[in-house]
*Asks:* 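So that we are looking at the same thing, I have put the structure below in structure tokens.
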Number of protein chains: 2
Amino acid sequence: MADPAKRLPLLPAERALKVISGRWKAIILYHLWDGSKRLSELGRLLPGVSQKVMIQQLREMEEHGLVNREVFRQVPPRVEYSATELGLSLEPVLLALCDWGRHHAEELDELDRVTDCRTSRRPSLLKHSSLSSGESLHRRS
Amino acid sequence: MADPAKRLPLLPAERALKVISGRWKAIILYHLWDGSKRLSELGRLLPGVSQKVMIQQLREMEEHGLVNREVFRQVPPRVEYSATELGLSLEPVLLALCDWGRHHAEELDELDRVTDCRTSRRPSLLKHSSLSSGESLHRRS
DNA sequence: GGCCATACTTACCTCTTGGTCTGTATCATA
DNA sequence: TATGATACAGACCAAGAGGTAAGTATGGCC
């Protein structure tokens, strides 16, 4: 059930893109970098994403080694999802993508249509803030 | 017909992914970094990609400001596609993706299923270096 | 026994992407 | 007049990703 059969592209760049670009994978990873999360927690963090879809994304990421799934045999089921080493190693890459994304928006005069690279986890805030410059938010150096 | 209406994602990272991840966009860009190319040239460089699809990809990239389309009013039509500043600025990003892609393959013991990050522009060479039927192209790093 | 929370699964539907195949416009040249 | 090279456009199709809505399993707790 792991990786057999359905192979990834031969070109590394395409492989990377294929692995990363699922509708919700990037944001899910952003959240998992903050620590492991239960399915229900992710659901709360990303309202608008149905449970089925969330699980789909997580499973694919698991197959690709980005995410770890840990099951606790408890009464109300408890499952924790966390980023693997591979998942963590994506941080600089996604950060680069984020920076370029803003650069792209800037060049097209659409800076008002993108969020800050760190506020990604709060897309609803963008209304007021144009681009928060105050740093903050440091994680695993 | 440029960018109105169909907006890109709010999250910069997703925006970047959306712009980059078309089936042939990455490879096309690799080639355009080497200099502008005519449609027919790209066709020769990427056999297996139909003209219609090639044009599709190029047009989308044009809309997103990655590619420039220059028409020469000549007898047998002549159109040159080249990378814009924005397109060129993607090089380090794609390189990062490529590196990570190889890293990913390495971690999953599939280094024999990816090419080198620079040979991307010559996918036709794979034939000799074996990869479909023959050995692996090993590449310690 | 019935209820509850959690984490799924399944059936089904829609829209986008990428793909094939064929048609068209241009105009120098044979 | 027919041909040929180049760059498209259009009709059509298949697969897949993502979405909705509903059902299932578990086992303490009232």
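Residue numbers begin at 1 in each chain, while the letters A, B, ... track the order of the sequences.
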*Asks:* CD of B/Glu14 versus P of D/dG18: gap in Å, rounded?
*Replies:* 11 Å

*Asks:* When you compare the side chain of B/Met54 with that of B/Trp24, does any pair of heavy atoms fall below 4.5 Å?
*Replies:* no

*Asks:* Below 4.5 Å, heavy atoms only, C-beta onward: do B/Arg113 and B/Leu108 meet side chain to side chain?
*Replies:*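 B/Arg113 vs B/Leu108: side chains apart.
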
*Asks:* So, B/Glu110 and A/Arg7, do they make that salt bridge, N to O below 4.0 Å?
*Replies:* no

*Asks:* So what does A/Phe72 touch, heavy atoms closer than 4.0 Å: a base, only the sugar-phosphate, or nothing?
*Replies:* nothing

*Asks:* Look at all strands and tell whether B/Gln57 reaches a base, only sugar-phosphate, or nothing, counting heavy atoms closer than 4.0 Å.
*Replies:* sugar-phosphate

*Asks:* Given B/Lys25, which partner from the list B/Gln57, B/Glu60, B/His64 fulfils the side chain to side chain donor-acceptor pair (under 3.5 Å) test?
*Replies:* B/Glu60

*Asks:* Tell me: CZ of A/Arg78 to P of D/dG28, nearest whole Å?
*Replies:* 17 Å

*Asks:* Return the value, rounded to whole Å, for the distance between atom CH2 of A/Trp24 and atom C1' of D/dA17.
*Replies:*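 The answer, rounded to whole Å, is 13 Å.
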
*Asks:* Of all nucleotides in DNA chain C that come within under 4.0 Å of a heavy atom of chain B, which is furthest toward the 5' end and which toward the 3' end?
*Replies:*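 Answer, 5' to 3': C/dG18 to C/dA28.
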
*Asks:* Look at the side chain of A/Glu41 and the backbone N and O of A/Arg38, then say whether any donor-acceptor pair between them is shorter than 3.5 Å.
*Replies:*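 Yes: the side chain of A/Glu41 pairs with the backbone of A/Arg38.
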
*Asks:* To the side chain of A/Val75, which of D/dC8, D/dG10, D/dG28 is closest?
*Replies:*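 When the side chain of A/Val75 is considered, D/dG28 is the closest of D/dC8, D/dG10, D/dG28.
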
*Asks:* Rounded to whole Å, how long is the line connecting atom CD of A/Gln56 with atom C1' of D/dT20?
*Replies:*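 Whole-Å distance recorded here is 12 Å.
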
*Asks:* With sugar-phosphate meaning primed atoms plus P, OP1 and OP2, does B/Leu39 contact a base, only sugar-phosphate, or nothing at under 4.0 Å between heavy atoms?
*Replies:* sugar-phosphate

*Asks:* Is there a donor-acceptor pair closer than 3.5 Å between any side-chain N or O of A/Ser36 and the backbone N or O of A/Glu80?
*Replies:* no

*Asks:* Base, sugar-phosphate alone, or nothing: which one does B/Arg59 contact when heavy atoms must sit under 4.0 Å apart?
*Replies:* sugar-phosphate

*Asks:* If you check the B/Arg38 side chain, which of D/dG19, D/dT6, D/dC8 turns out closest?
*Replies:* D/dT6

*Asks:* In whole angstroms, how far is the P atom of D/dA17 from the CD1 atom of A/Ile55?
*Replies:* 17 Å

*Asks:* Do A/Glu14 and B/Ile27 have side-chain heavy atoms sitting under 4.5 Å apart?
*Replies:*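 With C-beta onward as the side chain, the pair touches.
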
*Asks:* Where each residue is assigned the nucleotide of DNA chain D containing its nearest heavy atom, which of A/Pro76 and A/Lys18 is assigned the position nearer the 5′ end?
*Replies:*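 Going by which nucleotide is closer to the 5' end, it is A/Lys18.
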
*Asks:* For B/Val79, report the nucleic acid contact type (base, sugar-phosphate, nothing); a contact means any heavy atom under 4.0 Å.
*Replies:*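 Counting heavy atoms under 4.0 Å across all strands, the contact made by B/Val79 is with sugar-phosphate only.
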
*Asks:* Starting at the 5' end of DNA chain C and moving along, which residue's nearest nucleotide shows up first, A/Glu41 or B/Ser50?
*Replies:*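 Here A/Glu41 is the residue nearer the 5' end.
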
*Asks:* Under a single-linkage definition using a 4.5 Å side-chain heavy-atom cutoff for Ile, Leu, Val, Met, Phe, Trp and Tyr, are A/Val71 and A/Ile55 assigned to the same hydrophobic cluster?
*Replies:* yes

*Asks:* Expressed in angstrom and rounded to an integer, what is the separation of B/Glu70 atom CD from D/dC8 atom C1'?
*Replies:*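 Value for this atom pair: 18 Å.
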
*Asks:* Rounded to the nearest angstrom, tell me the gap between atom CE in A/Met54 and atom P in D/dT20.
*Replies:*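 Distance, rounded to whole Å: 12 Å.
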
*Asks:* How close or far is atom C1' of D/dA7 from atom CG of B/Leu42, stated in whole angstroms?
*Replies:* 12 Å

*Asks:* Using a 4.0 Å heavy-atom cut-off, does A/Arg69 contact any base of the nucleic acid, only the sugar-phosphate backbone, or nothing at all?
*Replies:*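 Here A/Arg69 touches the backbone only, sparing every base.
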
*Asks:* A/Arg73 or A/Lys25: which one's nearest nucleotide on DNA chain D is closer to the 5' end?
*Replies:* A/Lys25

